[in-house]
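First up is the structure itself, then whatever we jot down about it.
The chain is numbered in sequence order, starting from 1.
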Amino acid sequence: MFAVASWPCHATGEPLKTWGTAKPEPSQATTSQVPPPPPPSDRPTDRPQDGALPADGTGGHLTTPEPPEPSPEPAPPAAKAGLRYTLEGVEVRGNTSTLARVVLRYVPFRAGDVLDVDDKELLLTRFRLLGTGFFRDVELSLRRGTKRGYVVLVVHVVERNTIVVNDTWLGLSADAEPNGKARPLTAYGGIDVSELNLAGTGIALGGAMAIADGQLGLRMRLGVPQFLGSSWSAETQLLYNNAKDFFGTRDVLVDDPTQTVSQDYAVVSYRRFGGLVGAGHEIGGVATRVFFDYRLEKIDATLPLAASQRRGLDIEPIDFYLIGGSSVLSTLSATIVHDTRDEPFLPTRGWHVLGRAEVSLSPLGSDYPYAKLGLRGSRWIPLPWGHVLRIEGVFGTIFGRAPLFEKFYVGDYTDLRPHRALDLAFDRRAAPNFFGTTIAEIRYGDYATRIGAEYRIPMYRGTKSIYGVDFVSSVGVYGVANLRDLTNPARGYSGLSRVPVDLTFNLGLRADTAVGGFAVGIANLIGFIPIRSEGP
């Protein structure tokens with residue numbers, strides 16, 4: 001349910017070598033004879049996406065009509081053998097609304113550089129331009145310069161609609177009334193929309209809303225590349241959540257102000273209001289970026305006086321992972337992203353690796369002392385018959401006492417339950433339990449992992465409003481746990497059933513369109529088929 005599109009490429013002039021698929025179009029050219037500013041560090045999107053490169057892996061075809069003399073400068077001994085020229089300038093073509101300087105931010109080559117036509121940075125530059133969401137097509141090519149041994153790098157872009165749907169949420173869930181009585185079926189929905197290239201400046205402005213019965217999540221964000229003329233990008237974000245959550249895997253005893261009552265579930269209500277400021281920068285080439293964020297939030301929570309539930313064969317008190325009344329959350333985080341995908345929504349090759357570390361700042365007033373680490377990596381592999389295989393691994397751990405919405409939620413790791421949207425948990429049900437393990441006892445955990453594979457079959461490719469549609473199937477194994485679930489599992493389980501892991505899978509369609517990417521799966525509906533989700 002992510003959105004960004006997939007795009008190929010083009011150039012004009014007398015190309016020496018091109019990276020992309022050519023689609024000649026008349027356009028105005030803008031040439032830079034001076035070094036372009038350093039590329040920005042726009043916040044990445046975690047969206048799967050599509051696109052295709054030639055099977056030779058070069059990203060394009062090679063045409064060499066009377067190539068100019070190579071630069072007389074000798075290559076370093078360790079340099080890869082290839083044609084080398086001196087770069088005279090960079091020329092941008094095809095941009096009608098996007099400013100040329102915005103395009104040049106993503107080009108790491110400067111006038112005077114010695115350019116190797118086999119440099120992988122050329123292909124990565126194309127991928128990075130596609131990943132901005134500004135363009136449907138991008139092609140890099142070389143043409144003769146004004147002097148012997150000199151060339152001009154031509155960047156030809158085909159712009160796309162930059163008002164895109166980043167994410168959509170629509171589905172069914174089972175929740176509970178405020179008094180804890182279970183309800184069999186409710187609906188939820190939401191949308192995340194952005195203008196990725198405001199007035200052609202590269203500034204991103206976006207907002208999101210998620211809604212369910214008794215729950216509302218709102219987000220507003222602004223991203224500015226080359227903040228105050230520097231090589232750093234900047235981002236600010238505001239958030240508001242009016243949320244509730246559901247606890248209990250069996251009959252629950254809840255203490256209210258007057259009596260102890262038996263309920264289906266214990267219901268927690270809380271509000272969050274706050275914001276985030278951050279900065280980003282590219283490191284080690286166009287494929288790797290680092291971001292630093294500071295977050296401050298105020299939380300108001302209404303909790304039952306006390307509640308208990310069955311865990312295995314025992315009755316235990318429920319931990320709601322929130323402080324009753326008002327509390328403050330203050331954190332500092334660092335994120336590093338390495339992205340070599342050829343397309344952002346329907347990739348056919350490349351890596352996307354994201355690592356994140358966050359620490360709560362108790363000295364600055366945070367009431368939740370914790371540290372959180374996460375790592376997610378995906379590899380897309382093109383298969384000889386045109387299909388695409390994706391391998392993914394996700395790992396996370398928390399040290400200390402994180403608030404409820406920062407803990408790992410079982411629904412985010414199984415496709416058979418609704419994922420959280422804007423940190424809202426819509427479903428009260430325990431995880432499906434195909435393996436009959438202690439996963440049935442767990443809703444939130446301090447440790448999480450998922451290893452899976454996705455198989456994609458292209459069904460349609462176009463050039464107008466719908467760029468591609470793929471059939472997608474996925475399968476994986478996941479686990480969520482707290483420390484005591486590993487050291488002191490719930491009584492009533494034995495052997496491997498004491499390990500909280502289970503199976504997840506999905507089938508559906510993924511489409512890349514002019515207004516973003518969309519995914520439709522059947523796993524959420526399968527989740528309503530009676531499946532064992534309780535323990536002994």
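With no hydrogens or angles considered, no side-chain donor-acceptor pair links Thr438 and Arg498 at under 3.5 Å. A side-chain donor from one of Tyr368 and Ser327 sits under 3.5 Å from a side-chain acceptor of the other. Looking only at atom types and distance, the side chain of Tyr493 has a donor-acceptor partner in the side chain of Glu441 under 3.5 Å away. Side-chain contact, Ser378 with His352: no donor N or O sits under 3.5 Å from an acceptor N or O. Of the N and O atoms on the side chains of Asn241 and Arg219, at least one donor lies less than 3.5 Å from an acceptor on the other residue. Looking at Thr437 and Ser497, their side chains never bring a donor and an acceptor atom within 3.5 Å of each other. In the model, Ser360 has no side-chain atom that pairs as donor or acceptor with a side-chain atom of Thr331 under 3.5 Å. Judged purely by distance below 3.5 Å, without hydrogens or angles, the side chains of Asn506 and Ser474 never pair a donor atom with an acceptor atom. With hydrogens and angles left out, the side-chain atoms of Arg341 and Thr348 include no donor and acceptor closer than 3.5 Å.
Ring to ring, Tyr409 and Tyr444 are close: their centroids are under 6.0 angstrom apart.
Using modelled atom types, no side-chain atom of Arg429 and backbone atom of Asp175 make a donor-acceptor pair closer than 3.5 Å. Remark: the backbone N or O of Arg420 is paired with a side-chain donor or acceptor of Asp412 at under 3.5 angstrom. The backbone N or O of Gly274 lies less than 3.5 Å from no partner atom in the side chain of Arg295, so there is not a single donor-acceptor pair. Remark: the backbone N or O of Asp485 is not paired with any side-chain donor or acceptor of Asn482 at under 3.5 angstrom. Proximity of a side-chain donor or acceptor of Thr414 to a complementary backbone N or O of Gly411 within less than 3.5 Å is not detected. Distance alone, capped at 3.5 Å, places no donor-acceptor pair between the Ser262 side chain and the Leu253 backbone.
Residue Phe227 qualifies as open at atom CZ: its count of foreign heavy atoms under 6.0 Å is 12 or below. Atom NZ of Lys181 is surrounded by 12 or fewer heavy atoms from other residues, nucleotides or ligands within 6.0 Å.
Using a 4.5 Å cut-off on side-chain heavy atoms (C-beta onward), Tyr294 and Leu361 make contact. Residues Phe434 and Leu416 have side chains in contact (heavy-atom distance under 4.5 Å, counting atoms from C-beta outward). Side-chain contact between Ser326 and Lys298 is present, with heavy atoms from C-beta onward closer than 4.5 Å. In this structure the side chain of Arg461 reaches within 4.5 angstrom of the side chain of Asp470, judged on heavy atoms. Counting heavy atoms from C-beta outward, Val268 and Leu322 have side chains that approach closer than 4.5 Å. Residues Tyr413 and Phe408 form a side-chain contact, since some pair of their non-hydrogen atoms from C-beta on lies under 4.5 Å apart. Two residues are said to be in side-chain contact when any heavy atoms from C-beta on lie closer than 4.5 Å; Asn242 and Ser269 fail this criterion. Annotation: side chain of Pro178 is not in contact with side chain of Val267 (no heavy-atom distance under 4.5 Å).
Nearest heavy-atom pair across Ser473 and Leu507 is CB-CD2, 3.3 Å. Among all heavy-atom pairs drawn from Asp245 and Ala425, the shortest one is OD2-CB, 3.8 Å. Heavy atoms only, all atoms of each residue included: Leu424 and Gly217 are closest at CD1-N, 3.6 Å. Closest approach of Ser194 and Asn166 over heavy atoms only: OG-ND2, 2.5 Å. Nearest heavy-atom pair across Gln263 and Val254 is NE2-CG2, 3.7 Å. When all heavy atoms are compared, the tightest approach of Asp293 to Gly278 is OD1-CA, 3.2 Å.
With values rounded to the nearest 0.5 angstrom, Leu422 atom CG is found 13.5 Å from Tyr240 atom OH. Note that the OH atom of Tyr188 and the CD atom of Gln215 stand 11.5 Å from one another [nearest 0.5 Å]. Distance check, rounded to the nearest 0.5 Å: CG of Asn433 to CD1 of Ile442 gives 10.0 Å.
Both cation-pi conditions hold for Lys407 and Tyr321: the charged atom is under 6.0 angstrom from the six-membered ring centre and inside a 45 degree cone around its axis. In this structure, Arg272 satisfies the cation-pi test against Phe405, with its NZ or CZ atom closer than 6.0 Å to the six-membered ring centre and inside 45 degrees of the ring normal.
Aromatic ring pairs are classed by plane angle as parallel below 30°, tilted from 30° to 60° and perpendicular above 60°; the pair Phe247 and Phe320 is perpendicular.
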Checklist entry - What do the steps show when you test Glu316 against Arg484 for salt bridge (charged side-chain N to carboxylate O under 4.0 Å, His left out), and what is the final call? => result CA-CA 13 Å; Glu316 294 187 355; Arg484 70 169 187 158; 2.5 Å; yes
Checklist entry - Would Leu389 and Ile391 count as a side-chain contact (heavy atoms from CB on, under 4.5 Å) if you check the C-alpha gap in whole Å, the side-chain angles of each, and the deciding distance to 0.1 Å? => result CA-CA 7 Å; Leu389 176 66; Ile391 307 296; 4.1 Å; yes
Item to check | Derivation and outcome, salt bridge (charged side-chain N to carboxylate O under 4.0 Å, His left out), residues Lys372 and Glu406 | outcome: CA-CA 9 Å; Lys372 183 177 181 180; Glu406 285 299 320; 3.2 Å; yes
Next on the checklist: Using side-chain contact (heavy atoms from CB on, under 4.5 Å), reason through Phe471 and Leu509 one step at a time and then give a plain yes or no.
Outcome noted: CA-CA 5 Å; Phe471 172 78; Leu509 296 176; 4.3 Å; yes
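A salt bridge (charged side-chain N to carboxylate O under 4.0 Å, His left out) with Arg401 is found for one member of Asp367, Asp319, Asp446 and no other, namely Asp319.
Between Arg428 and Asp264, no side-chain nitrogen of the basic residue sits less than 4.0 Å from a carboxylate oxygen of the acidic one, so the salt-bridge criterion is not met.
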